[in-house]
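Naming convention: chains lettered A, B, ... in sequence-line order (proteins, then strands); numbering from 1 in each chain.
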Number of protein chains: 2
Amino acid sequence: MSPRKSASQELTKEMIIKEARFQFLEKDFHQVSMRSIAKNLDCSHGALYYHFNNKAELFYAIIEDYFSTLNKLLEEVVHGPGENHEKLHDVFLRFIQFGLNHQSQYELMFMIRNTEVDSLSQEAANLSYQKFAQTVQSLTPKDLKVSNIYSAFIALHGFVAHYRKYVNRFEEAEEAAKLHVEFIIHALSTTAQL
Amino acid sequence: MSPRKSASQELTKEMIIKEARFQFLEKDFHQVSMRSIAKNLDCSHGALYYHFNNKAELFYAIIEDYFSTLNKLLEEVVHGPGENHEKLHDVFLRFIQFGLNHQSQYELMFMIRNTEVDSLSQEAANLSYQKFAQTVQSLTPKDLKVSNIYSAFIALHGFVAHYRKYVNRFEEAEEAAKLHVEFIIHALSTTAQL
DNA sequence: TGTTGTTTTGACCACTGGTCAATTAAAGCC
DNA sequence: GGCTTTAATTGACCAGTGGTCAAAACAACA
């Protein structure tokens with residue numbers, strides 16, 4: 001009966017992303033549907049497919065931002081005040097904090113497998129890891145083995161992947177997080193130099 | 001037209017589990033549908049709901065076995081030959097091996113969140129972790145901090161959760177796994193006693 | 001005014017988990 | 001044997017999903 005909105009209420013990529021991001025705060029990838037997004041934007045779900053080829057593409061657009069948010073977070077710590085040892089502690093803790101306070105985003109960034117989301121997302125994740133690795137090395141006096149930095153990353157990832165089942169916000173797991181970070185840093189700081 | 005099968009081809013819980021487990025080898029929880037299971041069993045998908053209240057219940061029935069499989073695996077190592085230090089190494093490696101060679105099972109056992117699968121599964125996971133913790137302590141000369149054992153577990157979990165994105169079988173990640181296990185054991189063996 | 005291009009609609013597809021009245025086989029009983 | 005009860009199965013149905021696409025309606029420009 002009434003295809004096409006009047007100019008004043010035309011759909012934009014930004015509007016869609018905004019709404020998707022909003023719903024994404026409370027639900028995860030599988031729970032946020034194209035239809036629910038369309039509903040809140042007062043348009044048909046078909047219209048979304050004019051702006052994005054598929055759901056994964058839409059959500060990747062969101063995720064991109066989050067990678068740079070994470071990267072900025074790490075950089076902030078590095079260039080901030082304090083001793084290197086404490087900064088390292090902080091970097092680890094903030095990574096966990098990010099993961100637990102942006103669970104559905106973290107899921108898409110680091111947990112969803114190849115096929116489900118773009119391979120672009122994979123690349124972004126790799127870049128993000130490299131950033132992490134550089135950061136860790138730059139905050140450590142010794143030359144760390146690459147494999148040990150990787151292990152540290154994986155151990156952090158494990159914390160997020162595990163606690164997201166039980167906890168909704170970082171604060172609820174803060175004590176455990178500190179202990180875990182302590183554990184990782186201890187491991188790093190006592191491993192043999194390259 | 002023809003409700004109820006003749007006795008020879010009546011459905012049993014076991015048949016359903018068998019088929020589900022079979023499909024579960026190649027696909028994950030979200031990809032294996034009640035209908036695809038029913039199709040291969042030559043019955044309607046409605047019939048499955050006579051034997052299981054819902055999909056989660058069916059898959060929990062599968063997962064139960066896998067928890068005991070994992071537990072047995074760990075026990076085997078403990079009661080097997082060799083030095084404690086090597087056994088510990090082996091336990092860690094086997095945990096990873098289990099995770100990467102039974103990915104969809106592992107997902108259900110340790111990664112899917114509260115609401116999606118039964119809370120029964122949560123309990124089973126906790127029990128499994130306790131078993132793990134006991135095992136680790138029994139293979140270690142020192143009194144380990146509880147939090148450190150937990151960190152070790154989380155670090156292992158992180159490895160599985162991470163590599164499952166890139167790898168289909170343990171063998172493809174074996175070298176990396178060994179390095180990671182080395183890292184964890186180093187951390188454990190140099191932490192302060194309680 | 002007409003024509004061209006862009007955006008939106010809504011019907012449609014094939015799928016999902018789940019429900020349930022109706023039907024039929026088997027089992028128990030006389 | 002028949003007669004009744006009970007257990008299992010069907011298939012239509014529901015509400016939902018991601019995705020497609022011809023048709024319609026608006027915008028912009030000639």
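The interatomic distance linking A:H51 (NE2) with D:dG18 (P) rounds to 17 Å, in whole Å. Distance CE (B:M34) to C1' (D:dT9): 14 Å, rounded to an integer number of Å. When the C1' atom of D:dA22 is taken as reference, atom OH of A:Y50 falls 16 Å away, rounded to whole Å. Atom CD1 of B:I37 and atom P of C:dT16 are 10 Å apart (whole Å). Atom CG in B:L41 sits about 10 Å away from atom P in D:dT10, given to the nearest Å. Distance A:K13 NZ to C:dT7 P: 10 Å, rounded to the nearest Å. Going from atom CG of B:L11 over to atom C1' of D:dA7 covers 13 Å, rounded to whole Å. The distance between atom CE of B:M15 and atom C1' of D:dT9, rounded to the nearest whole Å, is 13 Å.
Phosphate contact (OP1/OP2 of C:dT16, side-chain N/O of A:H30, threshold under 4.0 Å): absent. A sub-4.0 Å separation between OP1 or OP2 of C:dG18 and a side-chain N or O of B:Y49 is present.
The residue among B:L48 and A:G46 whose nearest nucleotide of DNA chain D is located toward the 5' end is B:L48. Of the residues near DNA chain C, A:R35 and A:A47, the one whose nearest nucleotide (by heavy atom distance) lies more toward the 5' end is A:A47.
Checked options A:Y163, A:Y106, A:F92; the residue passing with A:H157 is A:Y106 (criterion: ring pair (Phe, Tyr, Trp, His ring centres under 6.0 Å)).
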Given ring-ring contact (aromatic ring centres under 6.0 Å, His included), test A:Y129 with A:F110 step by step and report yes or no. CA-CA 10 Å; A:Y129 165 68; A:F110 293 111; 9.4 Å; no

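Side-chain atoms of B:H45 come within donor-acceptor range of the base of C:dG18, with a qualifying N/O pair under 3.5 Å.
For A:E10, counting side-chain heavy atoms from C-beta on, the closest listed nucleotide (C:dT7, D:dG18, C:dT9) is C:dT7.
A donor and an acceptor atom, one from each side chain of B:H186 and A:T190, are located under 3.5 Å apart.
Using a 4.0 Å heavy-atom criterion, one finds that B:S44 contacts the bases of the nucleic acid, with or without backbone contacts as well.
Applying the salt bridge (charged side-chain N to carboxylate O under 4.0 Å, His left out) test to B:K39 and every residue at least two apart in sequence or in another chain returns nothing. Residues satisfying the side-chain hydrogen bond (donor to acceptor under 3.5 Å, both in side chains) criterion with B:N53, sequence neighbours excluded, are B:E57.
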